[in-house]
Amino acid sequence: MKQDPSFWTGIRDISILIGGKAGDGVLFTGNVLAKLLKRQGWWAVTYRDFPSNIRGEATQYTVRASLDTVENRGDAVDILLAFDCEAIHKHSLRLNRGGVVLCDGADAAVLPASAGENLASFAFPLRQPARQQFGREIYKNMIALGVLSYLLDLELSNLEAIIRDIYIKRKSEEVIKLNLAAAKFGWEQGQRLIPPEECWPLPRLSDEGRLILSGDEAIALGALAAGCRFFAAYPICPASEIWQWLAPRIKAFGGAVVQVEDELAALNMAIGAAFAGARAMTSTSGPGASLMMEAFSLAGMTETPVVVAHVQRVGPSTGLPTKTQQGDILQWIFGSHGEFPRVVLAPGGVEECFHFTIAAFNLAEKYQGPVIILTDLDMGQNLRTMVMPGSEPWTIDRGRLLSASELEPLKKFRRYEITPDGISPRVIPGTPAGVHVVESVEHDESGLRSEDPGVRTRMMEKRMRKIKAIEADLIPPLIFGDQEAELAILSLGSTRGPILEAMKRCHQEDRKVKFFQVRTLWPFPSQEVNHFLKNVRRLLVVENNYTGQLMTLLQSQVRIDSGLEMEGLRKYSPDNFTPQEVYKALTGMA
Amino acid sequence: MPGRDLFTLLRPTWCPGCGLYGILEALKRAASSLGLDPASVVLVTGIGCHGRFPNYFRSYGFHGLHGRVMPIASGIKMVNPDLTVIGLSGDGDAYSIGLNHLLHAARRNIGILAVVVNNRVFALTQGQASPTSPQGFVSISTPFGTVEPPLDGLQLALSAGATFLARGFSGEVGHLTHLIARGLKHRGFGLIDILSPCVTHNKINTYDWYREHSEILDLTNNLQPDKNQAWHWLTQPDKFFLGVLFEEERESFEELVLPDLNQPIAHLDLKPEPEKIRQLMEIFR
């Protein structure tokens with residue numbers, strides 16, 4: 001049954017919240033559900049709210065699906081799948097009118113009395129049949145997925161395919177069959193207990209050419225596409241998924257992932273590998289990024305192309321390791337000692353995580369220095385649906401890296417030769433005629449240490465000049481909305497989802513709004529912002545932090561007209577914005 | 001020795017009498033005795049008086065940060081195992097700020113020769129006590145003498161899993177040349193701790209002091225895979241045994257981790273491979 005979404009007058013958008021305890025399999029259930037919705041042809045997105053804990057603490061995962069592109073969890077919940085009493089208590093009153101609560105029959109007594117008027121609730125046998133019929137309580141997840149599949153009319157054959165994909169290498173056929181039997185049992189329970197008029201049948205559409213993945217996975221995939229063949233990293237939430245995804249797959253591309261002793265080693269090792277000729281990368285977050293600040297300037301001084309992905313989490317200090325924030329926007333722009341050129345890219349969606357990672361490696365080798373991909377936990381760990389990339393083939397540009405045969409005709413090779421654009425020829429160790437020294441101390445053109453004031457001045461200017469040479473290659477900002485609007489938003493990264501949705505609401509009310517999505521965070525797109533602000537009277541700078549780091553940057557890089565009313569929408573609770581919060585700020589301003 | 005000049009770059013400017021002169025000479029002689037090509041050698045150094053080595057020893061060189069010699073050297077070795085990678089450090093660099101890295105490099109048995117110039121003092125920063133300074137060492141930073149006992153990098157590396165351990169003395173250039181050459185031929189991770197007088201800041205551990213407190217072991221080129229014997233040599237009070245103290249054959253980190261030793265990562269011909277990437281995308285369907 002394939003339907004054209006434009007004719008569909010039923011449900012266009014649905015949010016399902018799964019609540020339970022860490023260790024319950026909430027993440028597994030949510031990920032399978034998101035994939036199931038995506039295969040049904042819907043745009044699916046997830047939002048995790050997990051504690052930094054392996055077992056026992058309350059955890060919740062929202063899965064949202066829409067017929068339109070969607071990149072955020074939305075404002076409210078339609079369906080609650082509660083794995084325990086606490087989840088019913090905590091979330092059932094947050095449901096939209098007409099929402100549905102699904103829970104275990106054993107927990108049904110705690111359903112709030114007031115819920116009855118606005119909500120439908122269905123209690124199922126979950127844990128008991130999981131234990132008794134299928135042998136382990138964890139099968140409750142498959143039973144619940146079966147119930148949900150019935151409620152939403154999701155295709156069971158898709159569920160089977162997804163379970164097979166997940167388990168094919170790790171579990172026996174017997175276990176797979178048991179999982180599928182549990183799902184079928186759930187479906188039958190749904191059929192038995194949910195009257196047809198209470199069902200929410202979602203149309204089945206084509207998902208051709210779409211993928212569902214996290215930002216971390218998209219960065220890992222982008223790294224492989226870019227030719228990254230060496231990755232050194234230390235475990236940290238929420239960035240480990242990048243190299244953990246690569247670890248089993250990079251070998252087939254001739255590369256290696258190394259788990260190192262700390263983040264000092266991670267970036268230094270990537271720098272060593274890049275110096276020796278590899279496309280090398282590391283990833284980190286929070287305290288790990290602070291440790292990398294030391295080697296960051298080493299990459300700048302030695303002019304070594306290296307890529308760092310920083311998936312921001314709540315700070316300061318250990319902060320909240322499993323919660324999202326944009327509190328490190330300025331860290332890579334102004335961090336580390338001394339002055340050196342750097343590039344910071346800020347993807348606003350999973351497709352950009354993929355493409356920007358490829359761009360990061362090309363930029364790094366072209367200007368011979370560090371490139372940072374700055375995302376956050378919401379982008380890094382949650383799933384989003386994207387159009388499959390690859391229709392336009394990407395390129396690998398290694399800049400002025402010379403092979404032995406390219407080096408030969410040169411009369412003299414000087415690693416730090418002063419050139420008009422500041423970018424010097426580079427060769428890798430092992431090249432016969434290219435023997436040279438790479439120096440963290442100030443050095444002359446050949447790489448030898450020098451304290452001569454003239455040399456220092458010229459080398460400083462040479463390094464800083466390089467950034468100009470790649471200006472044309474930097475990723476331009478994206479501008480959304482009505483070009484003529486006097487009300488505008490400037491933001492970056494994962495806030496794009498709630499912002500675009502809030503703008504849609506404004507559009508429905510004929511309010512004109514436009515949005516500048518900063519994509520190259522550094523060098524800051526001052527000219528483009530200037531142009532964007534021409535007719536703007538009010539500007540809302542949206543960012544997930546306390547001090548307004550993006551606004552600080554904007555104020556330092558752009559001459560702001562005194563007539564412009566600028567306001568910051570900031571959130572430093574450990575959550576991304578909801579569309580409603582952005583909408584309220586916009587309409588409160590207008 | 002004829003070939004040694006192949007490895008000569010600039011004239012060093014260390015204090016007259018510094019142990020580093022002997023070490024530079026031994027390194028040049030060892031490299032030429034093995035017939036190495038300067039283009040296939042990478043010398044990584046940290047921060048300290050030793051750090052200038054790449055300006056004096058002609059090969060590919062990377063003068064990095066204080067304490068981070070091992071990770072830089074490891075990155076180089078991992079992407080091009082054909083290169084001879086030497087990580088030269090001082091005692092402050094290797095045993096203080098970079099100790100964590102040293103032990104993990106040893107644990108991995110990565111094919112790097114770590115050479116530590118151990119002058120038992122922070123010399124370039126004007127003479128503070130280092131982790132290997134003798135107990136009671138009076139210095140600009142320890143006016144009442146150090147209270148901590150010195151640590152021994154070789155003991156730590158032995159317990160961490162290093163497969164080649166040697167101690168040399170910069171006053172015995174011939175012996176040291178032999179040790180370095182053996183270390184360079186070793187398959188996995190090697191550490192050579194070189195006792196090296198600092199004539200300016202360490203007036204206790206002088207050339208004469210070391211001669212009185214050391215003994216050259218009469219050892220052949222055979223493996224010395226006896227950990228107990230190594231431990232015995234390393235723990236004699238007031239006595240440094242010079243020679244190869246421990247050596248065993250074990251697969252190196254790069255041999256175990258890299259998919260193809262004949263196809264170094266550094267030499268991969270990088271092209272977009274849309275078909276292979278598209279196949280991987282199926283995981284996200």
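Chain identifiers are assigned alphabetically (A, B, ...) following the order of the sequence lines, protein sequences preceding nucleic acid strands; residue numbering begins at 1 within each chain. As the structure is a prediction and not an experimental result, all values here were calculated from the model.
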Top contributor to chain B interface from [options] [non-hydrogen pairs under 4.5 Å]:
options	answer
A/Arg229, A/Arg210, A/Met386	A/Arg229
A/Gly209, A/Pro432, A/Gly434	A/Gly434
A/Lys35, A/Arg398, A/Glu439	A/Glu439
A/Ile428, A/Ile250, A/Ile271, A/Ile166	A/Ile428
A/Ala256, A/Gly277, A/Ser440	A/Ser440
A/His443, A/Lys38, A/Glu294	A/Glu294

Is [X] close to chain B through its backbone or its side chain, or both, or neither, when contacts mean heavy atoms under 4.5 Å?
X	result
A/Lys251	both
A/Ala274	neither
A/Val260	both
A/Thr302	side chain

Backbone of [Y] reached by a side-chain donor or acceptor of [X] within 3.5 Å:
X	Y	value
A/Trp394	A/Ala225	yes
B/His63	B/Gly46	yes
B/Asn109	B/Phe189	yes
A/Arg415	A/Glu445	no
B/Asn80	B/Pro264	no

Please state whether the side chain, the backbone, both or neither of [X] comes within less than 4.5 Å of a heavy atom of chain A.
X	result
B/Ile283	both
B/Leu83	side chain
B/Arg52	side chain
B/Val42	side chain
B/Ser59	backbone
B/Asp260	neither
B/Leu103	neither
B/Lys271	backbone

Looking at A/Arg384 and A/Glu351, is any side-chain nitrogen of the basic one under 4.0 Å from a carboxylate oxygen of the acidic one?
no
Using a strict threshold of under 4.0 Å (side-chain N to carboxylate O), is an ion pair present between A/Asp207 and A/Arg39?
no
Under the criterion side chain to side chain donor-acceptor pair (under 3.5 Å), I'd like the reasoning laid out for B/Thr132 against B/Asp91: C-alpha separation, chi angles, the key distance, then a yes or no.
CA-CA 7 Å; B/Thr132 57; B/Asp91 44 311; 3.0 Å; yes
Given B/Arg4 and B/Glu25, is the salt bridge (charged side-chain N to carboxylate O under 4.0 Å, His left out) satisfied, shown in steps?
CA-CA 8 Å; B/Arg4 70 176 278 290; B/Glu25 182 60 27; 2.6 Å; yes
B/Glu282 atom CD: more than 12 heavy-atom contacts under 6.0 Å
yes
Among B/Arg108, B/Arg58, B/Glu273, B/Met70, the residue with the most heavy-atom pairs under 4.5 Å to chain A is B/Arg108
From the list B/Gln263, B/Lys77, B/Met78, the residue making the most non-hydrogen contacts under 4.5 Å with chain A is B/Met78
Measure centre to centre between the rings of B/Tyr56 and B/Trp14, then say whether the value is under 6.0 Å.
yes
Chi angles and distances behind the side chain to side chain donor-acceptor pair (under 3.5 Å) call for A/His436, A/Ser446
CA-CA 7 Å; A/His436 68 273; A/Ser446 64; over 6 Å; no
